[in-house]
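Heads up: the structure comes next, in structure tokens.
Every value quoted in this text rests on a predicted model; they were computed, and no experiment measured them. Just so you know, ligand 1 is whichever comes first in the structure, and atom 1 is the first atom listed for that ligand.
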Amino acid sequence: MKKLLVIGSLNMDFVTNVPHPLAVGETMLAQDLRLVPGGKGANQAYAMGRLRGCAAMLGAVGADLHGQRLKQNLSKVGVDVSALKESQEQPTGMAVITVLPHGDNSILVLPGANSQVTPAYVQQHLDLLEACDYVVFQLEIPLETVVYAAKEASRLGKKVILDPAPAVPGLPEELLQSLYIIKPNETELSILTGRPHDPARLREDALSLQARGVKNVLVTLGGAGSYLLREDGTEARIPADSTVKVVDTTAAGDSYMGALAVALSQGKDLEEAARFASRVSDIVVSRPGAQTSIPSLEELEESAAP
Ligand code: RIB
């Protein structure tokens with residue numbers, strides 16, 4: 001099995017359910033508050049561990065209880081956290097998440113220690129970059145670090161995968177040119193292309209990213225599954241399970257990405273890997289929370305049994 005490295009964020013999520021989105025000036029009394037391990041990078045790494053991938057993570061937590069809990073959670077599923085940084089200046093990242101009755105959410109992230117994942121820190125751990133086959137990024141750490149590490153990984157011949165979340169317009173061309181796969185959702189795709197999402201224009205939008213240097217484009221479309229445009233111009237549509245009762249979409253994209261990378265590391269082709277990832281995120285949206293919702297390989301296999 002090939003080796004995976006996640007470079008990215010770790011957050012403690014403060015989660016509450018709300019009956020409707022907060023209006024400007026509104027004060028709402030919440031029913032309860034749950035603390036759940038999260039962060040887009042940590043969720044990806046956690047999914048890799050749960051699905052028995054061989055994964056390590058580079059990122060930063062604070063010298064506090066949230067940081068310890070996040071590290072333990074990853075360790076428990078076999079992710080190598082030995083190189084995670086412990087910041088003495090910043091607390092562990094936090095996210096405030098409100099979940100609506102039909103499962104959609106709003107997320108406010110306070111980066112804290114994630115802001116200390118610098119190019120210099122990655123440089124200190126180039127051995128991990130050298131040892132892996134796939135490197136997976138998101139955008140909750142400083143962009144300059146993502147650009148530096150992605151270019152370095154690509155120079156070393158690694159396959160670089162980016163989940164452009166949270167999306168920012170005008171990603172540097174040098175980053176896009178390092179990418180083996182980019183995996184935006186519809187909203188992120190529209191931010192990257194600079195025009196409103198139109199399902200009829202998916203191929204055109206994906207081609208525009210390929211023209212900027214990305215090899216393969218995989219767009220997740222929520223309940224409509226995903227769309228793949230391969231390097232050679234061929235396409236595939238991967239369905240999602242339309243019968244799933246959505247409880248909470250938190251970490252659906254992160255777990256999709258973690259599962260995709262595990263499947264690729266086991267030699268599956270892109271379309272097979274996307275099908276595997278879709279099955280994982282179908283389960284994730286049916287459960288509450290970020291890492292709490294990610295199934296183990298055994299649970300996934302059981303769910304597929306007739
Ligand atoms: O994608 C979900 C994640 O986004 C949450 O776990 C939260 O921490 C934010 O990073």
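Nearest protein heavy-atom neighbour of atom 2 (C) of ligand 1: Asp254 OD2, 3.2 Å. Asp13 OD2, 2.6 Å is the protein heavy atom nearest to atom 6 (O) of ligand 1. Nearest protein heavy-atom contact of atom 9 (C) of ligand 1 is Glu140 OE2, 3.4 Å. When only non-hydrogen protein atoms are considered, atom 4 (O) of ligand 1 lies nearest to Lys40 NZ, 3.0 Å.
Taking a cut-off of under 4.0 Å to the non-hydrogen atoms of Ala290, the atoms of ligand 1 that pass are 6 (O). Those atoms of ligand 1 with a heavy atom of Ala95 less than 4.0 angstrom away are 7 (C), 8 (O). Under a 4.0 Å criterion applied to the non-hydrogen atoms of Asn43, ligand 1 contributes the atoms 2 (C), 3 (C), 5 (C), 6 (O). Close approach of ligand 1 to Gly38 (heavy-atom distance below 4.0 Å) involves ligand atoms 6 (O), 8 (O).
Qualifying ring-ring contact (aromatic ring centres under 6.0 Å, His included) partners for Tyr180, counting only residues two or more places apart in sequence or in other chains: none. In terms of the side chain to side chain donor-acceptor pair (under 3.5 Å) criterion, Asp198 has no residue partners (sequence neighbours excluded).
Atoms CG and CZ, on Leu189 and Arg201 in that order, are 9.0 Å from each other to the nearest 0.5 Å.
Under the 3.5 Å distance criterion, with hydrogens and angles disregarded, a donor-acceptor pair is assigned to the side chains of Gln291 and Asn73. With hydrogens and angles left out, the side-chain atoms of Asn105 and Thr250 include a donor and acceptor closer than 3.5 Å.
Of the polar atoms of Thr250, none of the N or O atoms is found under 3.5 Å from an N or O of ligand 1, judged by distance alone. Considering backbone and side-chain N/O atoms, Ser9 never comes within less than 3.5 Å of an N/O atom of ligand 1. The shortest N or O to N or O distance between Gly39 and ligand 1 is under 3.5 Å.
Contact detail for Gly289 and Asp248: the closest heavy-atom pair is N-OD2, 2.9 Å. Scanning both residues, Leu192 and Pro164, for their nearest heavy atoms gives CD1-CG, 3.9 Å.
Put simply, the side chain of Gln116 never gets that close to the backbone of Ala113: no donor and acceptor are under 3.5 Å apart.
Residue contacts with ligand 1 for Ile107 involve side-chain atoms from C-beta outward but no N, CA, C or O (heavy atoms, distance under 4.0 Å).
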